[in-house]
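Okay, structure first, notes after.
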Amino acid sequence: MKEAVEGEKRAFMSGNEVVAWAALAAGADFMYGYPITPQNEIMHYWRRLAPEYGRGFLQTEDELSAGFATIGGILSGKVAFSATAGPGTVLFQEPLSMAEMMRIPLVVVIQQRGGPSTATVIYSQQEVTLACFGGNGEGLRLVYSTSSHQELYDYTIKAFHRAWRYRFPTLVLGDGYQAKMHEALTLYNPQERGWGKVPAEPILGLDRKGSVRHLRNTFSVEEELAETLRRSLADYRKAAEELVEYEFLGEWGGELLVVAHGIVGRAARAAVRGLRAEGRRVNFFRPITLRPFPGQAFQEALRASGGALLVVESAQGQLGRIIKEALAEEESGSFQTLYRPGVGITAEEIMEAVPL
Amino acid sequence: MSELSMPRSWNRESKPHRFCPGCGHGLVLKALGEALDQLQLSRRTVFACDIGCSLLAWDFFDVDSLQTHHGRTIPVMVGLKRAQPEQVAVAYTGDGGGYAIGLQHLISAAVRDDAITVILVNNTTYAMTGGQMAPTTLLGQKTETTPFGRDREETGLPFKGPEALAALASPEAYIARGTVSKIKPLTKLLVKALQRQLEGHFSFVEALSTCPTNWRTNARETWGFLEQVMSSYYPVGEFPAGAGAREEAQLTS
Ligand code: SF4
């Protein structure tokens, strides 16, 4: 496969073009896509560039097909991805849900647009809940929220590596502003920066070693499902320690912690810098992984800021709800849980769970 | 091969299979098993099944297999085949999966001439969910959602898949309908379908099948419904593809 980027190159381009180059540089083999604004140019650039670098593309009949065809490509051992937005992200919950259950490294870039429904093709941060927790499951996904074109490039590359290493569906969450605006960044060949090849291998079919494999996502009894989920949840918790990423600006003795993600993180960082220049002791925290959420780092940042919090986002509290959950976990004395995903709960079990 | 022996491509460990007594699925899968044996394809094949009773086939064959979501078997196989053209890809689906929730995938794969083989089991009902109306339910036929018989005014005419696909598909596609009451001819259709895939083209076989559980029929009534009623509305045979697509419209720039 021909390398898409040799050495390092300064570039000035739109976020969608950045994603196409990042996927090429990462060694992605195939894109399956369906048009929806504002992610279209990812497909446009990929489709034009793909033949030169020996990569494939298929425009499918809808987002369901884009997601499931991407899964098909991945099962054959190819590094495959898709991109979508808005109502397309809604439809993508179906393939994402199957990928979550079957631990398929499905990579999807989402350029958030206004919602609910068709709303605007322009911008929002309203697809956080869908990206993190959409689907009929437990949100066992990896979600990177990017704040610059450089991060779009870095984390699109990283998404492929992380998805294949940990086998959880992985989303890169951008937005319409990032998709359309032009910005400077450095393109590089990931192999020259210590990234090996994406650890892809056939999951089904030709070239796979080992005995015949039968994969399913349906179970006849609750316990079978519970056991499968128990393993996935344990893997996810373990992976979370290695996966969480964030940015923190500030120190102990702060008066307030400003929390924002994605492109709003840029505005928040600038605001915090401005306030600090005026002598205010305001700190800044930006989760880069929204799932898994860097809860521990957030707690520390909050303690460093005297416990006062300002959450800023282009949505009605979608990041806010994730933060509230992180806060509730902190107050572990008063927030206890009896979680039994997929199986029934008896009165006796609840009585046992009540502390002495 | 005797009528009683198992095709070599079957997974012996998952037998006896999980379908109800008298179910046609086992016969379709027997025909498919024999077709795979004849062409010696089991080492090259990925078998994918839908939700519904077809999902009970998830470990039916001694070949790499996958059970997907309702209607999504076709796009998964399309994606796999595009990425790995050497693979033989078989999508196994019911009439709900192929003609209702996944119809856009079926038509699009046929129009694009994706080199996969789709096998659709037509038993005129949504079986696993308890016997609701399918696109293929016949007029007057009673189901849980047509308790007084399927009414044309309310739900239109039963869907004729091969006929519809033949009009829309690429001319190189192979399209046929067989029946589990004639297993040897059905096997032949499946062999031809797989061969067409090997030549790089789309192929589709609808198999008329039985569901005594939801039809609430005894053995004699089951075969009577299949051989007389179903077969007269759904003719078996091959349907030359591309009637509507023969005149190529190529823009010259
Ligand atoms: S319910 Fe009908 S289709 Fe399903 S296994 Fe039983 S007989 Fe076959």
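To find a chain, count down the sequence lines: A is the first, B the second, and so on, and within it residues start at 1.
A distance of 11.5 Å separates CZ in A:Arg213 from CG in B:Leu66, rounded to the nearest 0.5 Å. B:Gln84 CD to A:Leu204 CG: the interatomic distance, rounded to the nearest 0.5 Å, is 11.5 Å. Note that CG of A:Leu206 is 4.0 Å distant from CD of B:Gln87, once rounded to the nearest 0.5 Å. Distance check, rounded to the nearest 0.5 Å: CZ of B:Arg82 to CZ of A:Phe30 gives 6.5 Å. Once rounded to the nearest 0.5 Å, the distance linking CD1 of B:Ile74 with CZ of A:Phe68 reads 12.5 Å.
Of all the heavy atoms in B:Ser65 and A:His214, the pair that sits closest is OG-CD2, 3.4 Å. For the pair B:Gly79 and A:Tyr32, the tightest heavy-atom approach, listed with the atom from each and the gap, is O-OH, 2.6 Å. Heavy-atom minimum distance, A:Gly73 versus B:Ala83: CA-CB, 3.7 Å.
Note: B:Asp62 leads B:Asn11, B:Asp62, B:Val78 in heavy-atom pairs under 4.5 Å with chain A. Contact tally against chain B (heavy-atom pairs below 4.5 Å) for A:Leu75, A:Leu64, A:Ile71, A:Ile203: the top residue is A:Leu64. Chain A forms more heavy-atom pairs under 4.5 Å with one residue of B:Ala109, B:Ala89, B:Ser108, B:Gly71 than with any other, namely B:Ser108.
Residues from residues 217-229 of chain A that place a non-hydrogen atom less than 4.5 Å from a non-hydrogen atom of chain B comprise A:Asn217, A:Thr218, given in numerical order. Residue-level contacts of residues 34-57 of chain A with chain B do not occur; threshold 4.5 Å between heavy atoms. Within residues 40-61 of chain B, the residues that have a heavy atom under 4.5 Å from a heavy atom of chain A are B:Arg43, B:Arg44, B:Val46, B:Leu55, B:Trp58, B:Asp59, B:Phe61, listed by number. Residues of residues 92-100 of chain B never come closer than 4.5 Å to chain A when only heavy atoms are counted.
A 4.5 Å side-chain heavy-atom check between B:His105 and A:Asp62 finds at least one atom pair inside the cut-off. In this structure, B:Leu80 and A:Lys78 have side chains that are not in contact, with every pair of non-hydrogen atoms separated by 4.5 Å or more. Considering only heavy atoms from C-beta on, A:Met98 stays 4.5 Å or farther from B:Arg72 through its side chain.
For A:Met102, the part lying near chain B is the side chain, with the backbone staying farther off; criterion is any non-hydrogen pair under 4.5 Å.
No more than 12 heavy atoms of other residues, nucleotides or ligands lie within 6.0 Å of NZ in A:Lys197, so this atom counts as exposed by the packing criterion.
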